[in-house]
Engineer: 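Quick one: the structure is below, questions incoming.
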Amino acid sequence: MALDADKWLSGDPEIARLLNEETTRQRTTLQLIASENFTSPAVMAATGSSLTNKYAEGYPGRRYYGGNQIIDEVEDLARERLKALFGAEHANVQPHSGANANLAAYMAVLNPGDTILAMRLDQGGHLTHGSPASLTSKIYRFVSYGLTPRSDDPESLGEMIDLDQLRDLALAERPKLIVAGATAYARTIDARDYRRIADEVGALLMFDAAHPAGLIAGGAHPSPVGVADLVTFTTHKTLRGPRGGAILCSEELAKKVDAAVFPGLQGGPLEHAVAAKAVAFKEANTPEFKAYGHQVVANATALGDALTHEGFRLVSGGTDNHLVLLDLTTFDGELTGKEAQEAMDRAGITANRNTIPDDPRSPFITSGLRLGTAAETTAGMGTAEMATIATLIARALRSRNDEAQLAAIRSEVAELCGRFDPYAEFGA
Ligand code: DSN
């Protein structure tokens with residue numbers, strides 16, 4: 001079992017040491033990366049199981065290798081649990097990642113050269129939404145929409161997805177597919193807003209739910225299932241499963257989606273990950289997970305409010321989901337996202353720098369930080385701890401050149417994390 005590195009890796013002390021060190025890092029420092037979470041030990045056990053040994057190209061009942069009777073049961077359980085969780089007609093649980101899920105969804109319904117309308121990376125979209133650096137932009141023709149301009153009027157919310165621009169572009173460009181979804185956008189994305197526009201121009205609609213999947217499963221965000229033609233997501237963010245991807249669609253698109261994942265894009269599925277996905281889907285279909293989804297949102301709101309009081313500006317004027325996107329420039333015009341991330345690392349607070357809309361700095365430097373509450377909510381933290389975290393972040397950034405102060409904050413962080421240990425069952 002992966003959980004007991006000392007026992008099972010006694011012959012490889014270098015890797016055993018590194019696994020133990022990483023587990024300790026996760027337990028003793030704050031994990032605020034919006035795309036991360038703490039899986040259950042049950043998910044880890046399935047991930048570290050004998051299923052990693054098995055080749056299973058194909059789908060349940062139609063494999064290209066022998067010995068797959070048990071694997072078929074595992075993958076069927078995963079598919080059925082996922083369909084039940086989201087009320088979907090068809091599920092494919094084989095994508096190795098969210099990027100693969102997106103590429104397979106594109107392959108299922110598009111031909112090379114077709115036009116896709118998706119969100120700009122520097123306004124909150126994802127690499128696979130047509131970034132020039134991504135293979136997706138070499139296969140398909142992307143047109144990008146973004147956010148409304150920033151507004152300093154507290155009554156008028158700026159930096160929201162610009163549905164008017166989206167509609168104008170859809171009417172002008174007649175895309176075959178419109179993609180909804182983002183990686184650094186703090187507001188609710190409602191598939192029904194996109195459906196209306198897609199129907200007006202005869203486009204298909206894909207909803208990339210990588211970030212809000214767990215919030216949707218928990219009933220804290222509107223579901224795109226049954227509204228969008230294709231729903232893709234990762235299983236390891238708010239959904240709290242193993243690293244991986246999945247696709248939901250109608251029966252009508254099922255064959256095309258399955259053929260796009262295998263043999264179109266991938267070879268043998270990672271059935272140990274599929275088993276771990278099945279475990280996570282079961283865990284997500286519980287009243288406890290619903291409460292968790294709502295708490296994640298309440299915690300992000302509390303974190304955002306407290307950070308606003310510390311002098312940061314929240315992009316989009318606040319949050320409806322699990323993340324806040326901080327504009328650092330109101331806090332300190334000299335402070336870059338890179339510097340902030342590095343100083344926080346030294347204080348035991350893990351987050352990632354992020355571009356803000358119309359960022360004057362490069363994506364490697366940035367003027368923003370993205371913070372998420374999914375992981376520490378799993379660890380049991382609530383709104384009171386979010387206020388504490390905001391203070392710790394502000395102190396760390398004010399004393400970013402003072403190593404003694406950063407070390408003192410790191411001790412406070414360790415004390416806080418000690419009271420909210422996601423893996424208390426592992427022992428000291
Ligand atoms: N996983 C995305 C995120 O961090 O939001 C990037 O692919």
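Every number for a ligand or one of its atoms is a count from 1 in the order of the listing.
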Engineer: With the threshold set at under 4.0 angstrom, would you say Lys237 reaches ligand 1 through any of its heavy atoms?
Structural biologist: yes

Engineer: Under a 4.0 angstrom heavy-atom cut-off, which atoms of ligand 1 come close to Ser35?
Structural biologist: 3 (C), 4 (O), 5 (O)

Engineer: So which protein heavy atom does atom 7 (O) of ligand 1 come closest to, and at what separation?
Structural biologist: His126 NE2, 2.8 Å

Engineer: Which bit of Arg243 gets closer than 4.0 Å to ligand 1, counting heavy atoms only: side chain, backbone, both or neither?
Structural biologist: neither

Engineer: Any chance you could lay out the side chain to side chain contact (heavy atoms under 4.5 Å, CB included) test for Met381 and Leu416, step after step, and finish with the verdict?
Structural biologist: CA-CA 9 Å; Met381 292 193 192; Leu416 176 63; 3.9 Å; yes

Engineer: How long is the straight-line distance from NE2 of His236 back to OG of Ser35, given to the nearest 0.5 Å?
Structural biologist: 6.5 Å

Engineer: Apply ring pair (Phe, Tyr, Trp, His ring centres under 6.0 Å) to Phe207 and list each qualifying residue two or more places apart in sequence or on a separate chain.
Structural biologist: none

Engineer: Under 4.0 Å from a heavy atom of His211: which atoms of ligand 1 are those, numbered in the order shown and with their elements?
Structural biologist: 3 (C), 5 (O)

Engineer: Is the distance between the ring centroids of Phe38 and Phe420 less than 6.0 Å?
Structural biologist: no

Engineer: Between Arg313 and Thr329, is the side chain to side chain contact (heavy atoms under 4.5 Å, CB included) condition met? List the steps.
Structural biologist: CA-CA 8 Å; Arg313 188 183 76 84; Thr329 59; 5.7 Å; no

